[in-house]
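The block underneath contains the structure these notes are about, expressed in structure tokens.
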Amino acid sequence: SIMREISDLDHLESQLKQSLPVSDVKVVSGDADQSEEVKSLLGQAAAQTLTQYVHDESIVTVTGGSTLAAVAKHMKPLNQIRPLFVPARGGLGDMHEYQASSICVQMAKQMNGSYRLLYVPDTVGHEVYSKMMEEPAVKDVISLIRQADIVIHGIGDALKMAHRRKADPKQLELLKEKSTVGEAFGYYFDQKGKTIHQLNSIGMTKEHLTNDKTVMTVAGGTSKCEAISAFFKWGTSDVLIIDEAIARHLVKHI
Ligand code: BG6
């Protein structure tokens with residue numbers, strides 16, 4: 001029966017490779033909403049997949065979140081390969097382990113690579129934002145983000161992420177009113193992939209998601225199904241690492 005399950009996942013992967021504009025798809029069994037074990041499998045699969053793309057000169061830019069934290073846990077040193085990790089974004093919320101910066105440090109340590117940090121809040125007011133973007137230390141990291149050849153990022157359910165970021169009631173109301181379903185890189189988008197709200201965020205923007213980068217998208221759990229479907233209308237990804245719950249949803253809805 002294990003053989004059957006494996007071939008079932010293989011089948012899902014090849015179906016998705018055909019119907020989505022991605023070059024590779026990895027599917028792990030289960031539903032990350034149901035068990036931590038699945039999130040860990042997802043992390044393992046993503047860490048493993050990264051080894052196929054990373055080289056010694058690589059600059060890898062990473063977002064935060066519990067999924068990316070699981071990826072970091074599974075990274076291992078690769079012979080002669082010492083990539084540079086940079087956070088795609090500043091910090092958010094109060095969970096130290098889920099900050100892009102903390103994840104960068106862990107990834108670099110586990111792969112014997114190096115890292116740079118972005119010591120700024122994830123979102124700031126307009127005025128502070130333009131001032132901060134002029135800071136040499138910030139500019140430096142932004143330029144590394146621009147040069148990055150690999151992006152690894154998570155996706156969130158819009159309202160869940162808005163709560164995690166302690167959005168004010170007015171903002172939450174707007175997100176609900178406009179049927180916002182997903183969030184990535186600080187952008188909140190609806191089912192059609194239209195940006196409804198964008199955080200004044202320090203770090204990576206959609207404009208940095210250029211064709212020369214390999215974008216790896218890692219997500220699991222039934223609660224993110226709609227967010228993922230919408231993400232493909234909002235942006236692009238090259239390598240998709242998901243769980244079975246999302247894979248089954250995608251084959252039906254794409
Ligand atoms: C955040 C990213 O830190 O992690 C978001 O900046 C993403 O863009 C989120 O949506 C996903 O979090 P999690 O815990 O579901 O992996």
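Every number for a ligand or one of its atoms is a count from 1 in the order of the listing.
Taking every heavy atom of Gly64 and a limit of under 4.0 angstrom, the matching atoms of ligand 1 come to 1 (C), 2 (C), 3 (O), 4 (O). Distances below 4.0 Å separate heavy atoms of Met161 from the following atoms of ligand 1: 1 (C), 5 (C), 9 (C), 10 (O). The Phe185 neighbourhood of ligand 1 comprises atoms 8 (O), with distances under 4.0 Å to a heavy atom of that residue. Ligand 1 places these atoms under 4.0 Å from at least one heavy atom of Ala184: 8 (O). Annotation for ligand 1: atoms under 4.0 Å from non-hydrogen atoms of Lys224 are 13 (P), 15 (O), 16 (O). Atoms of ligand 1 found under 4.0 Å from any heavy atom of Gly65 (numbered from 1 in listed order, with element): 1 (C), 3 (O), 4 (O), 12 (O), 14 (O), 16 (O).
In terms of polar-atom proximity, Gly186 is not counted as a contact of ligand 1, lacking any N or O under 3.5 Å from an N or O of the ligand. Ligand 1 has no nitrogen or oxygen under 3.5 angstrom from a nitrogen or oxygen of Tyr98. Among the atoms of Gly156, some N or O lies under 3.5 angstrom from an N or O of ligand 1.
Of the candidates Gln99, Glu183, Arg89, Glu183 brings a heavy atom nearest to atom 7 (C) of ligand 1. Residue nearest to atom 6 (O) of ligand 1, selected from Arg165, Lys39, Lys160: Arg165 (by heavy-atom distance).
The side chain to side chain donor-acceptor pair (under 3.5 Å) search around Tyr187 returns Gln198, not counting sequence neighbours. Contacts of Ser229 classified as side chain to side chain donor-acceptor pair (under 3.5 Å), with partners at least two apart in sequence or in another chain: His249.
For the residue pair Asp33/Ser223, the side-chain donor-acceptor check at 3.5 Å is satisfied. No hydrogens or angles considered: a donor-acceptor pair under 3.5 Å links the side chains of Thr222 and Asp31. At a cut-off of 3.5 Å, with distance as the only test, a side-chain donor of Asp149 or Ser58 sits close to an acceptor on the other residue. Residues Ser40 and Gln44 have side chains that never bring a donor and an acceptor to within less than 3.5 angstrom of each other.
In this structure, Val60 is a member of the same hydrophobic cluster as Ile103, with clusters built from ILVMFWY side-chain heavy atoms closer than 4.5 Å.
Arg165 has a carboxylate O that lies under 4.0 Å from a charged side-chain N of Glu183, or vice versa, which qualifies the two as a salt bridge.
At least one heavy atom of Arg164 sits closer than 4.0 Å to an atom of ligand 1.
The backbone and the side chain of Ser66 each have at least one atom closer than 4.0 Å to an atom of ligand 1 (non-hydrogen atoms only).
The neighbour count for Lys17 NZ, taken as heavy atoms of other residues, nucleotides or ligands under 6.0 Å away, is above 12.
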